[in-house]
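Here's the structure, in structure tokens; my notes come after.
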Amino acid sequence: MATVVMEQIGRLFINVQQLRQIPPLLESAFPTLPCTVKKADVPWVFRERNILAGYRQTDQSWRYYFLTLFQRHNETLNVWTHLLAALIILVKWQEISETVDFLRDPHAQPLFIVLLAAFTYLSFSALAHLLSAKSEFSYYTFYFLDYVGVAVYQYGSALAHYYYAIEEGLHTKVQGFFLPAAAFLAWLTCFGCCYGKYASPRLSKLTLKLFQVVPSALAYCLDISPVVHRIYSCYQESCSDSVVAYHFYHVLFFLISAYFFCCPHPESFFPGRCDFIGQGHQIFHVFVVVCTLTQIEALRTDFTERRPLYERLHGDLAHDAVALFIFTACCSALTAFYVRKRVRASFDEKEE
């Protein structure tokens, strides 16, 4: 018996010795990264109001910026909130695909598009926050990519709301223009954000906000109108549709996220104390993720429970809507690519 005990203790000792080797192995796999720097040590494009430290050094290798996924800096939470949310969307996608035939059911295509659009904007946002610090040109490139993701998600949301959440009375009034207008406003959002970012050195803060916020606000007002109308109709009729509660919280979470996007709180009250955690943009990320997950759950339920209604209202619309989605995504990507070329040209002029 004593021999068995001693053997177990010996194995435990060996295991402890092996555990002690883990930190050196991790250090060799993930080498020590350069320390973060203060606001004054990075070019002006990277500087955020009231964020005084936690900036990553520029002009490092791509490997360095990928490894900063595991480093504490002022973009860490912005990366992880949207990266984890993108993974959750993939899990939900897999879960839904077990009961929904996205390939053979044309009425499932808008649901597929909103899932794809959500994954796109979340993953593009995570990439922008992770890799934009490499250089000024990378900053513009990856945030233009982020704006393409926003435009894609705007149209995808508009399509899904129009297809699954709309009431018949509103559908009759808007069916002739809703989706083309949503596509145009999604593209306008991408253009406004890209141009505003490109021209920001020459624009006042108010003008910059107009370029970036007004198109997005107009797009959102149109995109969410079927949902708001449905909530209002349900309230007027005292209906007991449980999905309406999901739609209500979806709208509420978005409005809260929009506030933190537009207003840099709480860091404006505590400059330098929210450099790593507690920034308004981080809070915006959290609420927009909760908003997206709530939206998808509501649309998933509408897809299941309202099928007789949307089959009767939309007929063969799904194929045209998918084509318009592809067109919108391509136009947004081309716009971002064109403004990126303008940025490159301006950098080349400065170097000359």
Side-chain angles (χ1 to χ4, degrees), residues 82 86 89 93 102-103 106-128 140-166 171 174-198 211-227 250 254 258 288 291-292 295-296 299 303 310 313-342:
H82 278 184
I89 293 295
W93 204 336
F102 288 121
L103 292 177
H107 295 291
Q109 290 173 1
L111 184 60
F112 175 86
I113 284 177
V114 76
L115 287 166
L116 175 62
F119 176 78
T120 300
Y121 99 82
L122 290 166
S123 55
F124 283 6
S125 172
L127 280 174
Y140 287 103
T141 298
F142 283 104
Y143 276 105
F144 290 171
L145 183 68
D146 185 21
Y147 300 146
V148 172
V150 170
V152 165
Y153 179 63
Q154 283 183 347
Y155 178 79
S157 294
L159 171 59
H161 295 159
Y162 176 76
Y163 208 91
Y164 301 122
I166 200 166
H171 176 266
V174 303
Q175 61 178 331
F177 69 86
F178 186 91
L179 289 180
F184 172 75
L185 289 174
W187 169 83
L188 187 64
T189 297
C190 181
F191 169 75
C193 290
C194 289
Y195 183 78
K197 183 77 76 177
Y198 159 67
F211 268 105
Q212 294 186 327
V213 174
V214 171
S216 297
L218 291 174
Y220 181 75
C221 288
L222 178 67
D223 300 348
I224 204 65
S225 58
V227 172
H250 158 220
F254 179 84
V288 83
C291 164
T292 300
Q295 172 200 35
I296 288 173
L299 292 170
F303 169 78
Y310 62 72
L313 291 180
H314 302 306
D316 297 328
L317 175 68
H319 298 298
D320 294 336
V322 170
L324 189 56
F325 170 77
I326 296 171
F327 178 74
T328 304
C330 290
C331 288
S332 299
L334 289 171
T335 299
F337 181 74
Y338 171 74
V339 182
R340 179 179 177 273
K341 285 187 66 177
R342 295 285 299 271

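The residues of the chain are indexed from 1 along the displayed sequence.
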Is Ser216 close to Tyr220 at the side-chain level, that is, under 4.5 Å between some pair of heavy atoms? no
Evaluate the ring planes of Phe184 and Trp187, with Trp represented by its six-membered ring, and classify them as parallel (under 30°), tilted (30 to 60°) or perpendicular (over 60°). tilted
Quick test of your reading: applying side-chain hydrogen bond (donor to acceptor under 3.5 Å, both in side chains), list the pairs with at least one residue in residues 108-118, sequence neighbours left out, ordered by first then second residue. none
Tell me every residue that passes ring pair (Phe, Tyr, Trp, His ring centres under 6.0 Å) with Tyr310, counting only those two or more places apart in sequence or in another chain. His107, Tyr163, Tyr164
Would you name the heavy atoms of His250 and Cys291 that are closest together and state the gap between them? CD2-SG, 3.2 Å
Is any side-chain heavy atom of Tyr162 closer than 4.5 Å to a side-chain heavy atom of Leu317? yes
All N/O donor-acceptor pairs, side-chain side in residues 110-122, below 3.5 Å, sequence neighbours left out:
residue	atom	partner	partner atom	Å
Thr120	OG1	Leu116	O	2.7
Tyr121	OH	Thr292	OG1	2.7

Leu222 backbone acceptor or donor facing Ser225 side chain under 3.5 Å: yes
Rounded to the nearest 0.5 Å, how far does CG of Leu188 lie from CG of Leu218? 7.5 Å
Can you tell if the side chain of Val152 reaches within under 4.5 Å of the side chain of Tyr155, non-hydrogen atoms only? no
Show me the pairs that pass side-chain hydrogen bond (donor to acceptor under 3.5 Å, both in side chains) and involve residues 313-324, at least two apart or across chains. none
Looking at SG of Cys190 and CG of Leu185, how far apart are the two atoms once the value is rounded to the nearest 0.5 Å? 13.0 Å
Output yes when a side-chain donor or acceptor of His161 lies under 3.5 Å from a complementary backbone atom of Asp223, and no otherwise. yes
Output the distance between atom OG (Ser125) and atom OH (Tyr153), rounded to the nearest 0.5 Å. 12.5 Å
Expected list for residues 141-151: side-chain donor-acceptor pairs under 3.5 angstrom, two or more places apart:
residue	atom	partner	partner atom	Å
Thr141	OG1	Phe137	O	2.9
Thr141	OG1	Arg340	NE	3.0
Tyr143	OH	His129	ND1	3.2
Tyr147	OH	Lys197	NZ	3.3

What I'd like to find out is whether the side chain of Gln154 reaches to under 4.5 Å of the side chain of Thr328, using heavy atoms alone. no
Could you tell me the separation between the CD1 atom of Ile166 and the CD atom of Gln175, rounded to the nearest 0.5 Å? 8.5 Å
Apply side chain to side chain contact (heavy atoms under 4.5 Å, CB included) to Leu103 and list each qualifying residue two or more places apart in sequence or on a separate chain. Asp101
